[in-house]
Protein chains: 2
Amino acid sequence: MASLQAQEIRPYHHGDLSRALIQAGRRILEMGGPAALSLRAVAREAGVSPAAPYHHFKDKCELLEAIAKEGWMELTSAIAKARARAPDARAALTNIGVAYVCFARDNPALYRTMYDGACDRATMPDHAKKGDSGWRHVREALLEAGADPAEERDLELATIAAWCAAHGVAEMAGFKEFEPLKNALGGEEPFVRAVLEHVGIFAAMSRPKTPG
Amino acid sequence: MASLQAQEIRPYHHGDLSRALIQAGRRILEMGGPAALSLRAVAREAGVSPAAPYHHFKDKCELLEAIAKEGWMELTSAIAKARARAPDARAALTNIGVAYVCFARDNPALYRTMYDGACDRATMPDHAKKGDSGWRHVREALLEAGADPAEERDLELATIAAWCAAHGVAEMAGFKEFEPLKNALGGEEPFVRAVLEHVGIFAAMSRPKTPG
DNA sequence: GCACCTATGTGAACGGTGTCAAGATAATCT
DNA sequence: AGATTATCTTGACACCGTTCACATAGGTGC
């Protein structure tokens, strides 16, 4: 019944428990999904009593947010890398979308945790909009692909649209119904790419302006 | 501390407890969100002991699925109505999208419950694909809007894309960051319509075929 | 070195949860 | 009517989030 780590005799004070708790939480998330992520389980996994986390996080919710924050930062860096690797501006947007969906596929429980927090507060996390953020990468990719910088409203609408589409695909791409099509297209990534390109904003950037 | 209903002296046997439990569950969902939806709370709300639900649902999960099923049926009928009301085939698709997002906005907790179940099983619910389903409505709307019936693969990709986009918008349209834009566009529904139209598949049905 | 303060850990406890087994009660079938 | 079956209740179990009082360790001023 030993915990998976931290079995070396730990000193009474841990040293960096908040960090250890976040890592333990992510480990549990990967192994057992969001349902397995109880505060007590995290404490157990970190080799610490159930009350210890309360000296570092006021809430279970606050720990979840710390875990989610890590996820957002990693998602941002995946987006940045995908954009940097693109051969041209038009490809960048699709690359970002594919990277986004792949991140969600590779870290499903983490991704759910990230968005659950966002939905509960009805807010994008800070890291998605400010500074070096995924949001900004999408916006800039749209501009480089030919969006009119003078039409701020259209640009914001397009950014929202792209983000929403990627999120939708991210949450649904794993559904079993799509397996035949996935196989027909030669795997998961081509499938995701094809869906994203059908969504439109990723492929049809240069269509005539929307009326309005 | 009285329960909200069922205070008339109920006979020992309820009569139609499973139905009452589903209704109680929906009431709790509306008032307190998904977090408030415990099996015991549902039993309390229905005026029944905590173990009673187990004679009708093997699990908490099974009750949630029953609640979600109701949600899917109502969503389907909202989609059907929206499609029927559209002046022409092209408008039908956008109308469906708007109806979808509005349903999610008006029943946020129910919508979350519906999709949580789907995500856990990595499957669309039966009612979304078979028979008179939202899925089929989208597919038919795409065909009527000019999709090539011979290109089955493209049609399925487009259906997936439209559904994913609507889902993404549904989950994010309530975010606070978008309020300024919402106001600028004259309210929630115009905002949703604009985002959906920017997503592309809803407006750019007639663009040239995708390569591949 | 020593007393003290603060940060960080432990243990036990509270009410809440999902679930189950055993028993009570009512409807139904013969 | 008696027996069977479906339904509901009571009571228990382990787990959960959270809080409290207390124990321990690291650091600071003397």
Side-chain angles (χ1 to χ4, degrees), chain A residues 1-3 5-25 27-29 31-68 109 113 116-117 120, chain B residues 1-3 5-25 27-29 31-68 109 113 116-117 120:
Chain A
M1 278 313 136
S3 157
Q5 66 148 23
Q7 275 313 79
E8 69 272 17
I9 22 72
R10 182 177 52 72
Y12 191 91
H13 283 107
H14 185 287
D16 192 358
L17 184 54
S18 40
R19 173 117 208 88
L21 288 169
I22 291 173
Q23 288 175 331
R27 235 173 298 137
I28 291 177
L29 223 39
M31 298 187 329
L37 189 66
S38 71
L39 234 183
R40 289 177 110 107
V42 172
R44 240 170 356 239
E45 171 77 13
V48 108
S49 86
Y54 285 88
H55 289 275
H56 301 266
F57 304 95
K58 89 171 200 309
D59 238 4
K60 177 185 185 182
C61 189
E62 206 172 277
L63 171 59
L64 292 207
E65 273 169 31
I67 294 174
T113 305
D116 278 355
D120 286 350
Chain B
M1 276 316 131
S3 156
Q5 67 148 23
Q7 274 313 76
E8 69 269 17
I9 21 73
R10 180 179 53 72
Y12 191 92
H13 284 106
H14 184 288
D16 193 358
L17 184 54
S18 41
R19 174 119 207 85
L21 288 170
I22 291 173
Q23 288 175 329
R27 235 172 298 138
I28 291 176
L29 222 40
M31 298 189 326
L37 190 66
S38 71
L39 234 184
R40 290 177 110 106
V42 172
R44 237 165 4 233
E45 173 76 12
V48 107
S49 86
Y54 285 89
H55 290 272
H56 301 266
F57 304 95
K58 91 172 198 307
D59 237 6
K60 177 187 184 181
C61 190
E62 205 172 279
L63 171 58
L64 292 208
E65 273 169 32
I67 294 173
T113 305
D116 278 355
D120 287 349

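Chain identifiers are assigned alphabetically (A, B, ...) following the order of the sequence lines, protein sequences preceding nucleic acid strands; residue numbering begins at 1 within each chain. No hydrogens, no waters, no symmetry mates; every other heavy atom, side chains included, goes into these values. Here the structure is a predicted model, which means the values were calculated and not measured.
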- Query: Among D:dT9, C:dT19, D:dC16, which is the nearest nucleotide to the side chain of A:Arg40?
  - Reply: D:dC16

- Rounded distance in Å - CZ (B:Arg19) to P (D:dT7): 17 Å

- Task: Please state how far atom OH in B:Tyr54 lies from atom P in D:dC8, giving the value in whole angstrom units.
- Result: 15 Å

- Task: Side chain of B:Ala51 only, please: which of D:dG11, C:dG9, D:dT7 is the nearest?
- Result: D:dG11

- Does a side-chain N or O from A:Arg44 land closer than 4.0 Å to OP1 or OP2 of D:dC16, or not? yes

- Rounded off to whole Å, could you give me the CG-to-C1' distance for the B:Leu37 and C:dG18 pair? 13 Å

- What is the distance, rounded to the nearest whole Å, between atom NE2 of B:His55 and atom C1' of C:dT25? 12 Å

- Task: For B:Ala43 and B:Ser49, work out which heavy atoms get closest and say how close.
- Result: CB-O, 3.5 Å

- Message: Give me the atom names and distance for the closest heavy-atom approach of B:Ile28 to B:Ala36.
- Response: CG2-O, 3.5 Å

- Calculate the interatomic distance between B:Ile28 atom CD1 and C:dT17 atom C1'; express it in whole Å. 13 Å

- Query: Separation of A:Glu62 atom CD from D:dT18 atom P, in whole Å?
  - Reply: 11 Å

- Message: Can you see if the side chain of A:Ser38 gets near the phosphate of D:dC16 - specifically, an N or O under 4.0 Å from OP1 or OP2?
- Response: yes

- Message: Output the rounded distance in Å from NZ (B:Lys60) to C1' (C:dG16).
- Response: 12 Å

- Task: Would you kindly give the CD-to-P distance between B:Glu45 and C:dT17, to the nearest whole Å?
- Result: 13 Å

- How close do B:Ala66 and B:Ile22 get, heavy atom to heavy atom, and via which atoms? CB-CD1, 3.7 Å

- Taking every heavy atom of A:Val42 against every heavy atom of A:Leu37, the minimum-distance pair comes out as CG2-CD1, 3.7 Å

- Message: I want to check one thing: is the phosphate of D:dC8, taken as OP1 and OP2, less than 4.0 Å away from some side-chain N or O of B:His56?
- Response: yes

